[in-house]
Amino acid sequence: MKVVLIGAGNIASHLGPALFKAGHVIKQVGGRTKSTVTSLAKKLHAEPVYDLSLLTTKADLYIIAVPDGEIAAVIAQLPFIDRCVAHTSGAVSLSVFPSTFENIGVFWPLQTITKNTSVNFEKVPICIEARSKLALNRLKKVGSSISKQVISVNSDERRWMHLAAVLVNNFPNHLFALAERLLTTKGISFDVLRPLIQETAKKVQHASPASVQTGPARRGDSTTVEEHLRLLANEPQLQEIYRLLSESIESLQGPRY
């Protein structure tokens, strides 16, 4: 399939090579940052385009892989309304496209993606949504060429999936950062926690998270909970986070003695 990739950031820098490896022809890479666009286009044997009004109209699929807040502005610059276009956001509605666009959709890789980390797209769920049958079929075809999990979702399902993704990815990572800061102030390396993090992640691959919950709040150990809260007396925000999460664990499952 002939593809135009708009964007050269985190998602585009991984998605582009995955599509190229799967045999798709990347016709152009579009974007405003010349250095990153040029670099990615060179890797994909594609033409770099810095003015979106100059995009070819001869591609089968146009993928907008830019930050959520920039999607509408990119759409407004497209020199056509009849092409098959999809964005890669989990949170942005199809309504971001004007009603004059018919063959539009969403091509959302449900994974945390940063530029300097590798991504095995075979194991990444690709969530797709489309306004037309033509767009749906093309998104399915492209998705299936790089991933073993292509899931058709509607806008409501995608909103809830995105919310859940924030809960399991962004929030825990922030807790990792808080734990790292806490240990650093005591001269302790965060490395000591990495095996624990890996084991926790491994458990939930094959079991319900609720069934493998451990810790003082889970077993009703109020003495330890109170001691931890005391240790966090000089960290009021973190103390409140600890208190709220402990209460949530107790209310979800009840204490275990």
Side-chain angles (χ1 to χ4, degrees), residues 10-11 14 68 88-91 108-114 116-129 147-257:
N10 289 342
I11 294 179
H14 289 290
D68 291 4
T88 59
S89 170
W108 174 38
L110 208 173
Q111 182 57 279
T112 175
I113 298 176
T114 52
N116 298 321
T117 57
S118 61
V119 177
N120 181 2
F121 272 95
E122 277 194 3
K123 297 182 179 181
V124 175
I126 304 294
C127 302
I128 61 172
E129 181 182 358
S147 172
K148 294 180 178 179
Q149 299 183 68
V150 178
I151 307 168
S152 293
V153 298
N154 59 42
S155 292
D156 188 58
E157 290 169 333
R158 184 161 52 87
R159 280 194 292 267
W160 285 104
M161 291 168 72
H162 190 265
L163 169 58
V166 170
L167 291 176
V168 303
N169 176 59
N170 305 127
F171 287 177
N173 190 73
H174 180 62
L175 291 176
F176 298 158
L178 292 176
E180 181 181 37
R181 189 190 68 183
L182 196 65
L183 290 182
T184 300
T185 63
K186 303 303 177 183
I188 303 170
S189 172
F190 182 73
D191 287 345
V192 72
L193 294 181
R194 296 188 195 277
L196 175 62
I197 294 169
Q198 291 173 354
E199 181 63 20
T200 302
K202 186 172 77 171
K203 283 181 180 179
V204 299
Q205 299 305 309
H206 305 288
S208 165
S211 72
V212 295
Q213 181 70 56
T214 61
R218 177 67 181 100
R219 61 180 180 266
D221 184 355
S222 58
T223 300
T224 299
V225 170
E226 289 303 320
E227 171 62 10
H228 287 170
L229 290 172
R230 185 188 66 79
L231 289 173
L232 293 172
N234 293 325
E235 295 272 0
Q237 188 178 49
L238 184 52
Q239 184 186 59
E240 181 66 4
I241 291 171
Y242 185 102
R243 184 185 65 77
L244 289 172
L245 288 176
S246 294
E247 289 177 357
S248 181
I249 291 170
E250 288 187 25
S251 65
L252 179 65
Q253 299 173 305
R256 177 185 294 175
Y257 296 95

What are the two closest non-hydrogen atoms of [X] and [Y], and how far apart are they?
{"X": "L110", "Y": "A165", "answer": "CD2-CB, 4.1 Å"}
{"X": "T88", "Y": "P109", "answer": "O-CD, 4.1 Å"}
{"X": "T224", "Y": "D221", "answer": "OG1-OD2, 2.6 Å"}
{"X": "M161", "Y": "C127", "answer": "CE-SG, 3.4 Å"}

Reported [atom1]-to-[atom2] distance for the pair [X] and [Y], which is rounded to 0.5 angstrom:
{"X": "R159", "Y": "L163", "atom1": "CZ", "atom2": "CG", "value": "11.0 Å"}
{"X": "L175", "Y": "I241", "atom1": "CG", "atom2": "CD1", "value": "6.5 Å"}
{"X": "E122", "Y": "S147", "atom1": "CD", "atom2": "OG", "value": "8.0 Å"}
{"X": "R158", "Y": "E129", "atom1": "CZ", "atom2": "CD", "value": "4.5 Å"}
{"X": "Q111", "Y": "I126", "atom1": "CD", "atom2": "CD1", "value": "9.5 Å"}
{"X": "F190", "Y": "L182", "atom1": "CZ", "atom2": "CG", "value": "11.5 Å"}

Compare all side-chain heavy atoms of I128 with those of I151 and state whether any distance is below 4.5 angstrom.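 Answer no - side chains too far apart.
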Can you list every salt bridge (Lys or Arg N to Asp or Glu O under 4.0 Å) pair that touches residues 205-215, not counting sequence neighbours?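 Qualifying pairs: none.
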Can you pull the salt bridge (Lys or Arg N to Asp or Glu O under 4.0 Å) pairs that have at least one residue in residues 161-175, sequence neighbours excluded? none
Pair listing, side-chain hydrogen bond (donor to acceptor under 3.5 Å, both in side chains) test, anchored in residues 165-184, at least two apart: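 Non-adjacent pairs meeting side-chain hydrogen bond (donor to acceptor under 3.5 Å, both in side chains): R181-E235.
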Look at atom CG of N154 and say whether more than 12 heavy atoms of other residues, nucleotides or ligands are closer to it than 6.0 Å.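 Correct, the count exceeds 12.
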In this structure, are over 12 heavy atoms from other groups packed under 6.0 Å from E199 atom CD? yes
Any side-chain to backbone donor/acceptor pair from [X] onto [Y]? Under 3.5 Å, distance only.
{"X": "S211", "Y": "S208", "result": "yes"}
{"X": "H14", "Y": "I113", "result": "no"}
{"X": "Q239", "Y": "L229", "result": "yes"}
{"X": "S89", "Y": "A91", "result": "yes"}
{"X": "T200", "Y": "L196", "result": "yes"}
{"X": "Q213", "Y": "P209", "result": "no"}

Please step through side chain to side chain donor-acceptor pair (under 3.5 Å) for the pair T117 and T114, ending with a clear verdict. CA-CA 6 Å; T117 57; T114 52; 2.9 Å; yes
Parallel, tilted or perpendicular, as decided by the 30° and 60° cut-offs, for the rings of H228 and Y242: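 Geometry flag for H228 against Y242: perpendicular rings.
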Start with the C-alpha gap between E227 and L231, add the side-chain angles, then the distance that decides, and say whether side-chain contact (heavy atoms from CB on, under 4.5 Å) holds. CA-CA 6 Å; E227 171 62 10; L231 289 173; 3.9 Å; yes
Basic-acidic side-chain contact under 4.0 Å: E226, R230: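 So E226 does not pair with R230 through a salt bridge.
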